[in-house]
Amino acid sequence: MSNVRVRFAPSPTGPLHIGGVRTALYNYLFAKKNGGTFILRIEDTDQTRYVPEAEEYIIKSLEWFGIKPEEGPGIGGDFGPYRQSERKDLYGQYVTDLIEKGHAYYCFDTSAELTTWREKNEAQKIYGVKYNHATRMEMRNSLSLSKEETDRLLKEGENVTVRLKIPTGRNIEFEDAVRGAVSFNSDELDDKIILKGDGMPTYHLANIVDDHLMEITHVIRGEEWLPSTAHHVLMYEMFGWTAPSFSHLPLILKPVGSGKLSKRDGAKFGFPVFPLEWHDKEEDKTYQGFKEDGFLPEAVTNFLSLLGWNPGTDEEMFSLEELIKAFDPSRIVKSGAKFDIDKARWFNQQYIIAKPNTELVDLLLPIATEKGFDVSEDFMLKFADLMKERAEVIPDFFTAGGFFFEMPTEIDQKMAKKKYKLENRPHFDALIESMEGMQQFTSSSLESVVKSYIADNELSFGAIMPILRLGACGTMKGPDLFETMELLGKDTVVSRMKESIEIFSALKKAQNG
RNA sequence: GGCCCGUUCGUCUAGGGGUUAGGACGCCAGGUUUUCAUCCUGGUAGCAGGGGUUCAAAUCCCCUACGGGCUACCA
């Protein structure tokens with residue numbers, strides 16, 4: 001029995017984005033690989049940025065991918081509650097502990113004062129001024145103020161925060177499982193706030209306390225946390241706790257340009273950055289998710305797993321189960337990866353092709369119904385089979401295979417003019433007549449009827465086949481013509497052909513003047 | 001500005017002293033298919049730059065450049 005315990009700890013400030021999904025995925029894979037436990041913890045300590053729908057969205061998204069937490073809000077577990085807001089009362093004693101040990105101190109500066117202070121410094125071209133060993137005595141806190149003054153201010157109780165007292169002259173070194181040794185000079189670190197004016201802990205405190213209390217053994221999170229890990233390591237030391245192992249994941253970057261992938265990039269580049277649809281109330285805007293854009297969850301996890309990790313072999317098709325077997329955190333890449341939607345689409349196509357037709361129908365039938373097409377499950381089964389190799393995403397079935405449901409209003413006129421010869425009209429009329437007379441309208445009988453007609457009349461395939469396709473489908477692109485016709489059915493094919501031949505003839509006559 | 005992390009085809013990556021620097025996506029060409037797609041074959045294209053160390057450097061060291069992250073009473 002392994003005691004590996006990892007957590008995915010998102011902040012419910014909005015929809016989970018694709019980078020978050022990958023972080024969750026790697027945590028999940030690592031836990032499963034080691035027979036450990038994967039925990040979901042909601043870090044909702046920032047009440048100003050809290051978005052009520054976000055938590056449910058996060059849970060639903062993970063569910064869609066098949067990433068199941070064993071402990072978490074709504075799931076339970078022995079280490080709950082799993083929402084930090086519900087753990088609020090628990091953090092106080094740890095703050096007191098740090099203050100008593102002389103590792104933390106009270107501050108009375110208001111945020112407005114701090115802002116003014118920073119601006120004043122910036123005006124003198126001093127950028128990124130820090131609240132630290134060099135400046136703390138100029139500020140209003142329990143270190144710089146007299147005991148009486150401190151007590152008085154504490155009694156008033158307004159604007160009281162608690163900061164970490166970072167020791168000077170320390171070299172803080174820790175081993176990152178992805179990056180190796182990382183070191184910081186403690187003189188460069190700021191005295192981070194650990195308890196806010198509203199009584200809520202900041203990420204830094206809550207995270208360390210909860211990771212300790214929940215017995216987290218491995219912290220796998222985004223690279224944006226690397227700099228503050230120095231603080232975290234120091235805090236473990238101050239508390240006298242053993243720090244977990246740290247792995248900092250490379251960031252997922254924009255496909256072009258620079259910077260990490262953001263919410264707006266989806267709209268900008270025309271691909272989703274969220275798993276599921278998200279309605280942003282503030283902007284009154286709806287963002288499509290991977291699901292709505294017709295991606296399969298298993299394709300997305302496969303693609304995402306390879307963005308910043310590789311198995312060390314040439315293999316790249318991995319189900320979630322196979323990923324668990326293959327996952328090795330030591331093979332996580334150090335540098336950021338640009339999001340490549342083309343590759344994501346390729347993966348999706350591979351998964352569509354491999355997916356059983358019945359499962360495809362589960363996805364396709366509701367869409368067909370929504371579009372107002374009255375079709376049977378059996379029809380959709382055959383449709384899925386014929387179209388699956390032609391779809392990168394689910395909607396492609398309907399854009400590329402729309403003619404299975406209705407004759408396109410826009411037919412490929414250019415091709416019709418090129419391939420249709422007026423003198424062949426009698427042949428098409430004859431072919432339509434033979435089709436009408438067929439008992440069995442199957443692809444094989446259709447094939448023999450058409451092919452023997454072509455042979456008997458010493459015609460070329462090129463003179464007949466394209467027109468048959470165009471006449472029945474309106475487009476040159478599609479699955480095997482005879483199988484397509486079989487699925488379309490005799491009545492549809494015959495009536496479409498009759499109409500089309502008239503149109504083609506008219507087109508040709510107009511062209512000839 | 002400061003601190004930290006990074007840099008191999010356009011993109012994702014393998015390769016960690018001796019390799020014709022490998023694979024995948026994309027793109028191009030050919031084959032298969034009466035079309036399209038799938039599939040198959042081939043091609044295209046890369047070690048950021050400069051110094052060291054070494055018989056030998058993509059690989060180890062240093063510098064530079066570039067990219068990224070952090071620098072909030074946000075996570």
Side-chain angles (χ1 to χ4, degrees), chain A residues 9-13 43-46 48-49 107 109-111 114-115 118 122 125-131 159-163 176 178-179 182-185 187-190 192-198 200-204 206-207 221-230 248 250-251 253 255-256 258-260 303 306-316 331 333-347 349-350 353 386-392 396 400 415 419 447 450-451 454 460-466 468-470 473 475-482:
Chain A
S11 176
T13 54
E43 307 223 329
D44 54 351
T45 52
D46 185 356
T48 59
R49 293 206 307 154
C107 290
D109 319 277
T110 65
S111 22
L114 290 171
T115 307
R118 286 194 189 95
E122 269 178 40
K125 303 248 187 309
I126 303 169
Y127 298 100
V129 64
K130 288 185 180 98
Y131 203 122
N159 287 310
V160 184
T161 60
V162 176
R163 280 180 192 269
D176 185 282
V178 173
R179 281 146 220 284
V182 181
S183 65
F184 293 85
N185 180 340
D187 292 350
E188 306 283 351
L189 270 32
D190 64 330
K192 282 215 183 304
I193 288 183
I194 54 172
L195 193 71
K196 300 189 265 190
D198 63 1
M200 275 288 194
T202 57
Y203 172 90
H204 306 291
N207 191 267
R221 70 217 316 185
E223 194 188 352
E224 69 269 26
W225 295 107
L226 194 53
S228 55
T229 305
H248 287 94
L251 265 16
L253 310 170
V256 294
S258 58
K260 59 176 172 179
F303 165 67
L306 262 14
L307 218 53
W309 173 83
N310 72 79
T313 65
D314 283 346
E315 205 180 337
E316 37 177 18
R331 299 200 62 91
V333 172
K334 294 181 181 68
S335 49
K338 287 185 176 169
F339 188 92
D340 180 6
I341 191 63
D342 282 333
K343 189 134 191 187
R345 292 174 68 89
W346 177 79
F347 268 111
Q349 180 177 41
Q350 298 300 310
I353 292 170
L386 289 181
M387 287 304 296
K388 67 199 292 188
E389 278 166 7
R390 277 153 265 261
E392 284 189 325
D396 289 346
M415 200 48 93
K419 297 288 181 187
E447 186 172 350
V450 174
K451 283 189 175 168
I454 289 172
S460 73
F461 272 66
I464 302 300
M465 294 296 286
L468 251 28
R469 178 177 290 280
L470 230 34
C473 309
T475 169
M476 286 303 290
K477 298 177 183 177
D480 178 89
L481 181 59
F482 302 117

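Per chain, numbering begins at 1; letters A, B, ... match sequence-line order. Not measured: the values here are computed from a predicted model.
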Categorize [X] for me: base, sugar-phosphate, or nothing, with a 4.0 angstrom heavy-atom threshold over every strand shown.
X	result
G312(A)	nothing
F482(A)	base
D480(A)	base
Q350(A)	sugar-phosphate
G478(A)	base

Say you pick atom [atom1] in [N] and the same atom in [M]; how far apart are they, in whole Å?
N	M	atom1	result
C28(B)	A45(B)	C1'	12 Å
G52(B)	U13(B)	C1'	29 Å
U41(B)	U32(B)	C1'	11 Å
G23(B)	G15(B)	P	15 Å
U59(B)	A21(B)	P	14 Å
G22(B)	C47(B)	P	13 Å
A14(B)	G6(B)	P	14 Å
U64(B)	C5(B)	P	15 Å

Let's test your reading of the model: under 3.5 Å, does the base of A24(B) pair with the side chain of K343(A) as donor and acceptor?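 Donor-acceptor pair under 3.5 Å: yes.
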For E316(A), what residues pass the side-chain hydrogen bond (donor to acceptor under 3.5 Å, both in side chains) criterion, not counting sequence neighbours?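 By the side-chain hydrogen bond (donor to acceptor under 3.5 Å, both in side chains) rule, E316(A) matches K343(A).
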What pairs with Q350(A) under side-chain hydrogen bond (donor to acceptor under 3.5 Å, both in side chains), at least two apart in sequence or on another chain?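 Here no residue qualifies.
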Just jot down the side chain to side chain contact (heavy atoms under 4.5 Å, CB included) partners of D198(A), sequence neighbours excluded, or say none.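 If we apply the side chain to side chain contact (heavy atoms under 4.5 Å, CB included) test to D198(A), skipping adjacent residues, the hits are Q47(A), K196(A), M200(A).
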Checking K419(A) now: which residues fulfil side chain to side chain contact (heavy atoms under 4.5 Å, CB included) with it, not counting sequence neighbours?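 Listed in chain order: M415(A), P466(A), I467(A).
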Protein-to-nucleotide contact annotation, 5' to 3' order, nucleotides 70-75 of chain B [B base; S sugar-phosphate only; - none; under 4.0 Å, heavy atom]: S-SBBB
Heavy atoms under 4.0 Å is the rule here; annotate nucleotides 57-65 of chain B 5' to 3' with B where the base is hit, S where only the sugar-phosphate is, and - elsewhere. ---------
Quick one: salt bridge (charged side-chain N to carboxylate O under 4.0 Å, His left out) partners of [X], sequence neighbours excluded?
X	value
K451(A)	E447(A)
D176(A)	none
R49(A)	D46(A)

Report the base-pairing partner of U53(B) (Watson-Crick or G-U wobble, both distances below 3.5 angstrom), or none.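 Pair assignment: U53(B) / none.
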Under 3.5 Å donor-acceptor, K388(A) side chain and I353(A) backbone: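 Confirmed, K388(A) side chain pairs with I353(A) backbone.
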